[in-house]
Amino acid sequence: MKAKNAFADDFESTLTLSNGKIKDLRIKAFEEFSKVGIPTNKDEFWKYSDPSVILNLDFEFNDTGSTDEDDYDVVLVNGKIVKSVNNCKTGTIADGLLEGYLDENILGYKENPFMNLNNAFAINGCYIILEPNTENEIRILNLITNEGRQQAVYPKFAIVAGKNSNSSIFEEIRIIGKGCNFVNSVMDFIIEDGAILEHTILDDFAEDTYHIANIWVKQGKDSNFISHNFSAGKRLARRDFNVELLETGANCELNGVYLVDGDNHIDHHTTIEHKKSNCTSNEHYKGILDGNSRGIFNGRIHVHPDAQKTDAIQNNQNLLLSDNAIIHTKPELEIYADDVKCTHGATVGQLDDKAMFYLRTRGINKKDARQLLMRAYVGEIIGKINNEKIRTEMMETVLERLPKGGE
Amino acid sequence: MIKIENLHVEVDGNQILKGINLEVKAGETHAIMGPNGSGKSTLAQVIAGHEDYEVTQGKVEYLNKDLLEMDVDERACEGVFLAFQYPVELPGVNNTYFLKSALNAQRKYRGEKEIDAMEFMDLISDKIKLLNLKDSLLKRPVNEGFSGGEKKRNEIFQMAILEPKLALLDETDSGLDIDALRIVARGVNTMRKKENAIIIVTHYQRLLNYIVPDFVHVLVDGKIISSGDKNLALELEEKGYDRIIKEAKA
Ligand SMILES: Nc1ncnc2c1ncn2[C@@H]1O[C@H](COP(=O)(O)OP(=O)(O)OP(=O)(O)O)[C@@H](O)[C@H]1O
Ligand SMILES: [Mg+2]
């Protein structure tokens, strides 16, 4: 594959799957993508995560697959809805557009080429409308199954949280089977005035996978977006959050834990656009890196001239368990307003020797002491989940996945 | 119980302990006094197994085993307990969870089964009363935000739960108010049994009024320069280290 016409054949072959307005939007999106193609690490934004490696493989579009998982309200298999909630308005992205529940902008031009590429393949995907003044709890399974191919899948969600709605959305990304995956996923949130949306992502380790994910959030007046992101390493894993605080009084909280070991990789880029006054953002990401793994955290806070009385906090902490693990952490603050509180901090360290010694003098062996300290470290983030059921679940699942290293 | 012979210890190339000889038998309580920086905490940390301290000479026998060969946690499981001069804060580690993990680790080592939840709660509530600690401290992270005195009492609380054979108390009395001192002493005295031993590091004779030692040692510049009974502590209080050092040299 060549960078510029990458995925062109694939795109042509799926074009017949849609028509009319949707087809036009897809064609436009693919044109936008093709103008830049797949970026390389010469691009500063992709410095430590070179996506051009996917050009060495022959990924082919796939949206088939099945599952008998029943414990979820919405299930996508390889990007295609196989089950959806019946107490919310929901359907494919195409239907959402045609029926007027979604704005065309959802498939409009995005700065990130992978989002344009995702739009170009947005045949299936899923929209959910959370009606104003309602309370909702939705469990989503975003399943990638592979029967041994080199497959490209494009999961897409568009979620609109209506005025003063209060919802908790749990999304599990599970990658199973054999073969190699290029997963290009997008989740769009529109959070209307006064709405509260808590979003928890759980994703597991997957070896033969290149995963590029974009979570794009637009927030209205006095709305709250609370994100908890538990992510694991992949051959290449890049997850971007872009949160726009578009009206006054909007608040967002981005919490995250990344666990990575072996030869794996994990990259988070977050951007918070403070566009209006009296908005707050509070970001806290913690990583544990073992083996030869590599992690990247890039946190950008952009305070626009109109965003007086902004209160922004950013904190990134990292534990390196091995000498060969690497973390690149970088805050990027751009502040164009003067009455602003903005703090950031980044730390990189090992497990605290003093704490290890103290625990061991009480009879706890090295391995258990390490686990105990890691649990405490990660537990601080999990403890921020408001939804009790999900918090309890994450306490079990995420803590189970901590590196087990004995040394 | 523990026999220390000619113990030399270095840290970062500095000689701190320069030939310590000390034997503590089961049933005994020993006090170690000495000026700041003389090596008291170093001795306590070496016995507990701190890896930053390098033993360059000498040996330590504990219950007929080579203590220096044992891992930190193994020593603890064999009954060695150190109450820290500066207890460590463990953010995010719940105090009760921590106590239960420690107790169960030691029980497992001894081949016993895990303590059941009811039994554990009974044990906790017993000991928390003994140390007059607030229940709320149990729900908090270990030592985090505890007051100085609470930290010290928490050390003795842990000791009361773990029931060690050899307890090393490093300046447990510093920072305690008069009532707390009595409470801590009461806690310590409950573990004075003929099968246990205690080593108390302190600067103040006052504590020794409550926990009366069988022996008092004066540690100066990495060596024990003088040993005696409880009266040595009174003498120290009266004369100060300078004169004791001079007399020892004479
Ligand atoms: N890790 C270390 N690196 C360098 N020097 C050290 C280290 N630990 C202890 N020392 C030095 O060893 C000496 C003995 O210290 P130690 O803490 O044992 O004294 P102490 O008798 O307990 O004093 P205090 O009464 O003040 O508690 C001091 O001079 C101290 O600075
Ligand atoms: Mg000391």
Side-chain angles (χ1 to χ4, degrees), chain A residues 228 230 255-257 259 284-288 315-319 321 345 347 349-385 391-392 394-396 398-400 402-407, chain B residues 44-53 70-95 97-110 112 140-144 151 154-155 157-159 161-164 166-168 170:
Chain A
H228 313 280
F230 303 103
N255 303 311
V257 171
L259 305 175
H284 196 173
Y285 266 71
K286 284 188 176 183
I288 302 182
N315 191 1
N316 173 232
Q317 290 170 276
N318 296 281
L319 271 183
L321 300 185
T347 58
Q350 281 85 39
L351 284 173
D352 180 5
D353 284 343
K354 285 203 176 91
M356 280 295 292
F357 179 62
Y358 190 72
L359 287 166
R360 294 181 69 204
T361 62
R362 292 338 185 214
I364 299 170
N365 68 37
K366 216 177 203 175
K367 194 166 165 232
D368 292 347
R370 289 168 67 99
Q371 284 292 314
L372 213 138
L373 292 179
M374 284 193 271
R375 292 173 79 96
Y377 176 80
V378 167
E380 187 197 352
I381 301 290
I382 302 175
K384 296 182 189 220
I385 301 175
R391 187 174 62 241
T392 312
M394 291 306 101
M395 282 287 181
E396 267 189 33
V398 179
L399 296 182
E400 191 55 41
L402 292 172
K404 295 284 180 311
E407 244 314 299
Chain B
Q45 300 266 331
V46 168
I47 294 171
H50 201 297
E51 281 142 6
D52 286 354
Y53 298 91
M70 295 185 210
D71 277 344
V72 183
D73 41 284
E74 201 182 344
R75 296 181 197 198
C77 290
E78 288 286 346
V80 176
F81 180 90
L82 170 63
F84 283 58
Q85 180 174 3
Y86 304 109
V88 179
E89 298 193 1
L90 304 177
V93 180
N94 172 277
N95 211 2
Y97 181 76
F98 161 71
L99 283 167
K100 202 171 176 184
S101 305
L103 184 61
N104 280 330
Q106 299 204 9
R107 287 171 73 109
K108 190 173 163 198
Y109 181 89
R110 295 193 296 259
E112 298 165 19
R140 285 172 44 187
V142 182
N143 293 325
E144 195 182 45
K151 282 183 184 167
N154 195 38
E155 294 290 287
F157 172 56
Q158 290 172 26
M159 181 184 86
I161 285 173
L162 297 174
E163 299 186 310
L166 173 66
L168 303 152
D170 192 357

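Bear in mind that the values here come from a model prediction, so they are computed numbers and not experimental data. Labels below follow one simple rule: chain letters A, B, ... track the order of the sequence lines, proteins then strands, and each chain is numbered from 1.
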When rounded to the nearest 0.5 angstrom, what is the spacing between NE2 in H50(B) and CG in D353(A)?
7.5 Å

From D73(B) atom CG to T361(A) atom OG1, the distance as rounded to the nearest 0.5 Å
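One gets 9.5 Å once the value is rounded to the nearest 0.5 Å.
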
Whatever's closer than 4.5 Å to a heavy atom in chain A on V142(B) counts as side chain

State whether E74(B) and R360(A) are salt-bridged, where the test is any N-O pair (Lys NZ or Arg NE/NH1/NH2 against Asp/Glu carboxylate O) under 4.0 Å.
no

Counting heavy-atom pairs under 4.5 Å to chain A, which of F84(B), F81(B), Y109(B) comes out on top?
F84(B)

Whether the side chain of Q106(B) engages the backbone of R362(A) through a donor-acceptor N/O pair (distance < 3.5 Å, no angle test) should be reported.
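Indeed, once roles are kept as given, a pair shorter than 3.5 Å links the two residues.
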
Smallest heavy-atom separation, P91(B) atom then A376(A) atom, equals O-CB, 3.5 Å

For a quick test of reading the model, state the closest non-hydrogen atom pair linking A105(B) to G363(A) and the distance between them.
CB-O, 3.3 Å

Return yes when atom CD of E112(B) has more than 12 non-hydrogen atoms of other residues, nucleotides or ligands closer than 6.0 Å, and no otherwise.
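Atom CD in E112(B) is crowded, with more than 12 foreign heavy atoms closer than 6.0 Å.
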
Might you confirm whether atom NZ of K384(A) has over 12 heavy atoms from other residues, nucleotides or ligands at distances under 6.0 Å?
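Yes, because the 6.0 Å sphere around NZ of K384(A) holds more than 12 heavy atoms from other groups.
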
Any chance you could lay out the side chain to side chain contact (heavy atoms under 4.5 Å, CB included) test for F357(A) and D52(B), step after step, and finish with the verdict?
CA-CA 11 Å; F357(A) 179 62; D52(B) 286 354; over 6 Å; no

Side chain to side chain contact (heavy atoms under 4.5 Å, CB included) between S101(B) and D368(A), worked out
CA-CA 9 Å; S101(B) 305; D368(A) 292 347; over 6 Å; no

Decide ring-ring contact (aromatic ring centres under 6.0 Å, His included) for Y86(B) and Y358(A); before the verdict, give the C-alpha distance in whole Å, the side-chain angles of both, and the deciding distance to 0.1 Å.
CA-CA 10 Å; Y86(B) 304 109; Y358(A) 190 72; over 10 Å; no

